[in-house]
Amino acid sequence: MTQPNPLELLKQYWGYDSFRGHQGAIIDSVLSGNDTIGLLPTGGGKSICYQIPGLIFPGLTMVISPLIALMEDQHKGLIKRNIKSFHFKGSYSARSMDEAFRNLRYGNYKFAFFAPERIANPLFLEYIKHANISMLAIDEAHCISQWGFDFRPSYLNVSVLRELRPEVPVLALTASATARVKRDLNTQLNIPDAKLFEGSIRRDNLHLQLKFTPNKERQLLRLLPTLTGTGIIYAKTRKSCEVLSALLTKQGHSSCFFHAGLSGDLKSLNQSLWIENKVKVMVATTAFGMGIDKGDVGWVIHWDAPDTLEGYYQEIGRAGRNGSIALTYLLFHQYDVARLQKTLSEVPNIAAVEEFYRSFCSKHQIAVGAGDQLKVQFSIVSLAEKFKLDIPTLLTYIKLIQHRGLWQFIESDRSVPTFSITSSIDTWDRLELEDRELLTTLARIYPNATHTTHRIDLKRFAAMMHFTLDRFQGKLSELTQRGLILFESEQTGSAVIFMQPRPSSKSLTFPKNFVDAWLSSKIERTTSMLKLLNSTDCLVQQIETYFDQPIGEPCGTCSSCTHNHYPNQEKVKEMVSNSLSLDDIWFDLNCSPDELKF
C-alpha cells in the first residue's frame with residue numbers, strides 16, 4: 001500500500017500548500033524512524049510536525065504535554081478535522097483504563113494526549129507496553145531541563161517510556177532552548193543520537209519595542225488607540241490583570257482578563273470573546289496563550305518586565321502568527337529594574353523552605369513515607385496568609401521544592417465536582433418527596449457512593465432531574481449542609497502533585513551544590529533580562545546571543561535599531577506647545593531625555 005504524501009495531507013486537513021521552515025525536514029526525519037528534536041519559534045507550527053507523521057504511521061501517536069488547556073486545544077483541533085483523537089484526563093479506575101486502551105486499539109484512533117504525571121501510574125505503563133504505538137511526541141520539551149525556565153519534574157519520567165518502548169521514535173518539540181537545555185534534551189530523554197533541526201528565533205514580522213516610562217498607565221492609554229486588531233497585555237499578578245482590565249474598560253477600550261484564579265466558565269467565556277474578536281484587549285498572566293490557535297494577534301504589551309528572556313520570547317511570539325507585521329511593547333520603569341536587581345541578591349532561607357515543606361505536609365495529613373502521586377489543591381493567596389509569607393517568597397519556596405523533585409507545581413488547576421452519600425438510606429423515608437427522589441436517583445446511578453467519592457456530571461444530572469443547573473447545585477449544597485451527602489463543587493486554584501513519598505526530616509535536604517546551581521541559573525537568567533533592558537544594541541541580536549544562535553544583521557525595526565539620536569527640534573517644540581509631557585515626547589519620538597533640546 002502506498003504511503004500517503006505529507007504535502008497532500010497538509011493540503012487536505014490544514015489547507016496549506018507547503019511546509020514552513022524546518023517542518024518538512026522534521027517530518028521526513030520522523031518518518032525515517034529517527035529520534036528527532038525540533039526547535040521552532042513560537043507560531044512556527046510545531047504541532048504539524050507530529051500530526052502529519054501521526055496520520056501516516058499505522059499505529060498510535062502518544063503526545064505528552066504539560067498543560068490541560070494546551071492538550072485540549074490540540075485535541076479539539078484534530079477532532080474538528082475529523083481526525084480521531086483521545087485525551088486522557090482525570091482519574092481512571094482499572095476498568096476505565098482498560099476501556100480507554102481498548103478504544104484506542106479498536107477505534108482507529110491516531111492520537112492520544114496525556115500529561116507527564118500519568119507516567120507514574122504503573123497500570124498506565126503496563127498498557128503502554130503492549131499498545132500499538134508508532135511515535136512518541138513530547139511537546140514543550142524544554143520542561144525536562146532542570147535549568148530551563150519552566151522545569152517540571154514529572155517530565156523526567158518520560159525516559160521511562162523510552163526504556164519501555166525503545167523501538168518507538170521520539171520527537172521532542174519546543175520553541176527555544178539554550179545550549180544547556182539542548183544537552184538536557186539529548187541526555188534526559190535518552191535520545192543521544194537525535195537529529196536536531198533548529199529554526200531561527202528571528203521573526204522579521206515582529207517589531208520589538210522597549211519603552212522606559214515613569215508613567216505606564218498614561219502611556220498605555222495613549223498607545224492603545226494607535227494599535228489595530230486584538231492583542232494581549234501581560235501582567236505579573238492576578239490583581240493587576242483585573243485592575244488593569246477594569247481601567248481599560250472604564251476608558252472605553254473593550255477588555256477582559258484571564259488568570260489562574262478564575263472559574264472554568266469565566267475563563268472559557270473571556271477566551272472566546274477575545275478569540276472571536278468581540279473584545280480587543282486580553283489582560284492576562286503569562287500562562288495565557290499557550291496552544292491558542294489565533295493567528296491575527298496584532299500586538300503584545302508587557303505591563304511588567306518579564307523575569308526571563310525565555311518567557312519574554314515565548315510571550316511576544318503569540319503575536320503575528322499569520323505573518324503580518326505585529327508590534328510588541330515592553331513598558332518598564334525604575335521599579336521593574338529594581339525588582340529584578342533585588343532577585344540577584346536574594347538567597348532563599350533553606351531552613352525555612354524545609355520547614356514550609358514539613359508544615360505543608362502536616363497540614364494535609366501526609367505522613368513520612370506517604371503521598372507519592374497525591375495531588376493537593378489550594379489557593380495561593382490563602383496559603384500565603386496561612387504561612388504568613390508574601391506571595392513572591394511563597395512561590396520561591398514552592399518552585400525550589402519543585403526543582404528538588406519533591407513535587408510538581410500546577411499554577412492553574414481545576415477540580416471536577418464530586419459527591420459521596422454520607423447518610424443511611426433507611427432515613428430517607430422521612431424526607432420530602434423531591435429530596436427523596438434525588439437521593440434515590442443518585443444512589444441508583446452511583447451504587448458505591450456510600451463508600452467512595454464520585455465525579456458527577458452536573459449538567460447531565462440536572463437535566464435528568466428536570467432542574468436548572470443553578471438549582472441543582474443549590475440543592476446538592478443544601479443536602480450537604482443537612483449532612484445527607486458531601487458535595488464538592490468545581491474549584492479553580494493551584495495544586496502540587498507529590499513526585500515521591502514524603503521524606504523524613506533527616507532525608508529532607510537541599511545540598512549546597514544544588515542550591516548554588518539553582519541560584520547560578522536564576523542569576524544567569526535575571527542578568528540576561530536586565531542586560532536587555534539596559535542595552536542599546538539590537539534586541540533581536542541579543543536574543544539570538546542568549547539562545548546560542550548565529551548572529552544575523554541588526555533587525556532594523558526594534559526600538560534600539562530605530563533609536564532617534566537627533567530628534568527634530570521643531571517637532572519637539574510643537575509637541576511641547578501641544579502640552580505633551582517630557583515622558584510623552586521621548587516615548588513618541590523613541591529618543592532619550594538628554595537628546596531633547598528646548
Side-chain angles (χ1 to χ4, degrees), residues 1-6 8-10 12-13 26-38 46-66 70-72 74-139 141 154-155 157-173 189-191 193-195:
M1 185 175 178
T2 306
Q3 178 173 285
N5 182 285
E8 290 176 357
L9 291 174
L10 182 71
Q12 176 185 345
Y13 287 102
I26 291 171
I27 289 167
D28 288 342
S29 175
V30 172
L31 289 174
S32 298
N34 298 316
D35 294 327
T36 307
I37 297 173
K46 291 185 289 294
S47 58
I48 290 284
C49 295
Y50 68 77
Q51 289 169 343
I52 293 289
L55 287 171
I56 294 173
F57 282 134
L60 185 68
T61 291
M62 302 292 286
V63 185
I64 299 174
S65 188
L70 184 60
M71 286 188 280
E72 193 66 10
Q74 297 292 348
H75 167 65
K76 287 180 178 178
L78 289 168
I79 290 175
K80 191 189 302 182
R81 294 176 170 88
N82 294 317
I83 298 169
K84 297 201 74 171
S85 172
F86 188 89
H87 182 189
F88 283 95
K89 51 186 176 180
S91 59
Y92 284 77
S93 64
R95 180 177 177 180
S96 58
M97 182 75 75
D98 184 69
E99 288 175 356
F101 273 93
R102 282 179 180 274
N103 286 335
L104 290 175
R105 176 175 288 275
Y106 299 112
N108 296 318
Y109 282 87
K110 298 302 295 180
F111 298 91
F113 292 82
F114 64 98
E117 289 81 11
R118 203 167 291 279
I119 301 170
N121 184 331
L123 183 61
F124 183 77
L125 291 180
E126 189 61 31
Y127 280 102
I128 288 287
K129 277 184 191 177
H130 306 291
N132 182 25
I133 299 172
S134 290
M135 178 173 62
L136 177 64
I138 305 164
D139 203 6
S154 55
Y155 261 68
N157 291 334
V158 174
S159 61
V160 174
L161 298 182
R162 181 65 170 169
E163 293 168 8
L164 283 178
R165 302 298 298 270
E167 79 286 0
V168 174
V170 172
L171 172 59
L173 295 164
L189 291 174
N190 195 17
I191 49 173
D193 300 319
K195 305 286 185 183

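Throughout, residue positions are numbered sequentially from 1 according to the sequence presented.
- Side-chain contact between P4 and L55: absent, with no pair of heavy atoms (C-beta onward) separated by less than 4.5 Å.
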List, one per line, each side-chain donor-acceptor pair under 3.5 Å for residues 129-138, sequence neighbours excluded.
unit_1, atom_1, unit_2, atom_2, d
K129, NZ, E126, OE1, 3.4
H130, NE2, E126, OE2, 3.4
S134, OG, G59, N, 2.8

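- Looking at every heavy atom in both residues, V63 comes nearest to Y50 through CG2-CE1, 3.7 Å.
- One distance of note links CG of L9 with CD of Q51; it measures 11.5 Å at 0.5 Å rounding.
- The line from CG of L10 to CG of N5 is 10.0 Å long, rounded to the nearest 0.5 Å.
- Partners of S85 by side-chain contact (heavy atoms from CB on, under 4.5 Å), not counting sequence neighbours, listed by chain and number: H75, L78, I79, F111, F113.
- K89 pairs by the salt bridge (charged side-chain N to carboxylate O under 4.0 Å, His left out) definition with E72, not counting sequence neighbours.
- P53 places none of its side-chain heavy atoms less than 4.5 Å from the side chain of T61.
- Of all non-hydrogen atoms in L173 and C49, the two that sit nearest each other are CD2-CB, 4.2 Å.
- Between L70 and P66, the shortest heavy-atom contact is CD2-CD, 4.2 Å.
- Residues V158 and V170 form no side-chain contact, since every pair of their non-hydrogen atoms from C-beta on lies 4.5 Å or further apart.
- Pairs engaging residues 157-172 under the salt bridge (charged side-chain N to carboxylate O under 4.0 Å, His left out) rule: D35-R162, R165-E167 [sequence neighbours left out].
- Here the straight-line distance linking atom CG of N34 with atom CD1 of I191 works out to 11.0 Å at 0.5 Å rounding.
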*Run the side chain to side chain contact (heavy atoms under 4.5 Å, CB included) check on L189 and I37 step by step: do they pass?*
CA-CA 10 Å; L189 291 174; I37 297 173; 5.8 Å; no

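- Partners of T36 under the side-chain hydrogen bond (donor to acceptor under 3.5 Å, both in side chains) rule, at least two apart in sequence or in another chain, are S29.
- More than 12 heavy atoms of other shown residues, nucleotides or ligands fall within 6.0 angstrom of atom NZ in K84.
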*Just do the side chain to side chain contact (heavy atoms under 4.5 Å, CB included) check on K76 and H87 with the steps written out, would you?*
CA-CA 9 Å; K76 287 180 178 178; H87 182 189; over 6 Å; no

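- Shown here are the salt bridge (charged side-chain N to carboxylate O under 4.0 Å, His left out) partners of R102, two or more places apart in sequence or in another chain: D98.
- Closest approach of F88 and A112 over heavy atoms only: CE1-CB, 4.2 Å.
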*Can you check side chain to side chain contact (heavy atoms under 4.5 Å, CB included) on M62 and I128, steps first, answer last?*
CA-CA 10 Å; M62 302 292 286; I128 288 287; 3.4 Å; yes

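- At least one side-chain heavy atom of I48 sits under 4.5 Å from a side-chain heavy atom of I27.
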*Trace of the side chain to side chain contact (heavy atoms under 4.5 Å, CB included) decision for I52 with V30*: CA-CA 10 Å; I52 293 289; V30 172; over 6 Å; no

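- Within the structure, side-chain hydrogen bond (donor to acceptor under 3.5 Å, both in side chains) contacts touching residues 106-123 (residues at least two apart or in different chains) are E117-S154.
- Residues satisfying the ring-ring contact (aromatic ring centres under 6.0 Å, His included) criterion with Y127, sequence neighbours excluded, are F101.
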